[in-house]
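The residues of the chain are indexed from 1 along the displayed sequence. No hydrogens, no waters, no symmetry mates; every other heavy atom, side chains included, goes into these values. No experiment lies behind these values; they were computed from the predicted model shown.
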Amino acid sequence: AVPSGFPSFAVPNIFDVDTIFNLAGASLVMTIIGYITLSSVSKSMSIKFKYTVDDDQNLLALGILNIIGPLFSAYWSGCSISRSAIGATNGEITTIGHIISGSVVTIAVLTITGALTYIPKSALAAVTIVAVLPLFTTDIIKDYWKQRHNKDILIDIIVFNISIIEEIYIIIYIQIK
């Protein structure tokens, strides 16, 4: 069963040197991936809804979130592509919309988590896929092609196909090289 409510407040042990060394590499990779994801989603949304993005503000928010989150046993967080897509699909472009949807999620976590246990994972995956599909566009590929960035497109296609069968850290390494 899915546990209801939120974990209690607890300060994690951040002074264990072995833990710091064991997590340092993964933390760096997660930070880079999180920031790249946040940056790409925010830029995608800003183009779609015609507003400007302050990357410094995004990075600050991401840092604060990941400092406060562990105090409540939260996982590391970057941004939610599916959540952004669902909001965009439903016309949620203001802060108040995000506050309302966050409040609904909070109420659900506190009250109906037992009922959520019976929803098949495939149904949740289908909702996520349908919400994320509008974020994908071929306009960028067309623009690249017109600007003669054929080599970049070829590399992206190769990396995408390799990403289907390989681990994420290998893909990042290949894309950077």
Side-chain angles (χ1 to χ4, degrees), residues 2 19-67 69-70 74-95 97-98 101-102 104-105 116 119-177:
V2 178
T19 303
I20 291 171
F21 282 118
N22 288 335
L23 297 178
S27 297
L28 180 63
V29 171
M30 289 169 57
T31 301
I32 292 169
I33 291 172
Y35 183 67
I36 290 170
T37 305
L38 176 65
S39 180
S40 64
V41 169
S42 62
K43 283 184 181 17
S44 172
M45 293 297 165
S46 71
I47 291 168
K48 184 173 184 170
F49 294 111
K50 297 175 180 51
Y51 61 82
T52 58
V53 174
D54 183 358
D55 286 326
D56 292 336
Q57 185 178 14
N58 281 343
L59 192 57
L60 178 66
L62 190 64
I64 291 171
L65 175 68
N66 285 306
I67 289 171
Y75 288 113
W76 168 89
S77 181
C79 81
S80 174
I81 298 172
S82 58
R83 172 68 201 93
S84 299
I86 290 169
T89 302
N90 292 314
E92 182 182 290
I93 58 173
T94 62
T95 304
H98 297 295
S101 62
V104 169
V105 169
L116 298 177
I119 298 175
K121 289 180 182 175
S122 57
L124 297 174
V127 169
T128 303
I129 290 169
V130 168
V132 171
L133 279 177
L135 288 179
F136 293 101
T137 177
T138 58
D139 295 341
I140 294 171
I141 296 172
K142 291 176 187 173
D143 289 343
Y144 266 33
W145 194 261
K146 289 177 185 173
Q147 296 172 12
R148 305 242 181 234
H149 292 285
N150 303 347
K151 187 172 95 175
D152 291 339
I153 294 172
L154 181 62
I155 290 170
D156 289 342
I157 290 170
I158 290 169
V159 168
F160 173 77
N161 286 312
I162 293 172
S163 71
I164 295 171
I165 57 173
E166 281 298 333
E167 299 289 329
I168 187 70
Y169 62 89
I170 295 170
I171 305 309
I172 294 169
Y173 179 77
I174 292 170
Q175 187 72 21
I176 290 172
K177 286 290 189 180

Please tabulate, one pair per line, all N/O donor-acceptor pairs under 3.5 Å involving side-chain atoms of residues 50-57, not counting sequence neighbours.
residue, atom, partner, partner atom, Å
Asp54, OD1, Asp56, N, 3.1
Asp55, OD1, Lys43, NZ, 3.3
Asp55, OD2, Lys43, NZ, 2.9

Under 3.5 Å, which donor-acceptor pairs do the side chains of residues 30-37 form with other protein atoms, sequence neighbours left out?
residue, atom, partner, partner atom, Å
Thr31, OG1, Ser27, O, 2.7
Thr37, OG1, Ile33, O, 2.8

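Judged as a side-chain contact (heavy atoms from CB on, under 4.5 Å), and not counting sequence neighbours, the contacts of Ile64 are Leu60, Ile68. Taking Ala24 as the reference, nothing meets the side-chain contact (heavy atoms from CB on, under 4.5 Å) condition, with sequence neighbours excluded. Applying the side-chain contact (heavy atoms from CB on, under 4.5 Å) test to Ser40 and every residue at least two apart in sequence or in another chain returns nothing. In terms of the side chain to side chain donor-acceptor pair (under 3.5 Å) criterion, residue partners of Asn58 (sequence neighbours excluded) are, by chain and number, Ser42.
Of all non-hydrogen atoms in Ile119 and Ala123, the two that sit nearest each other are CG2-CB, 4.2 Å.
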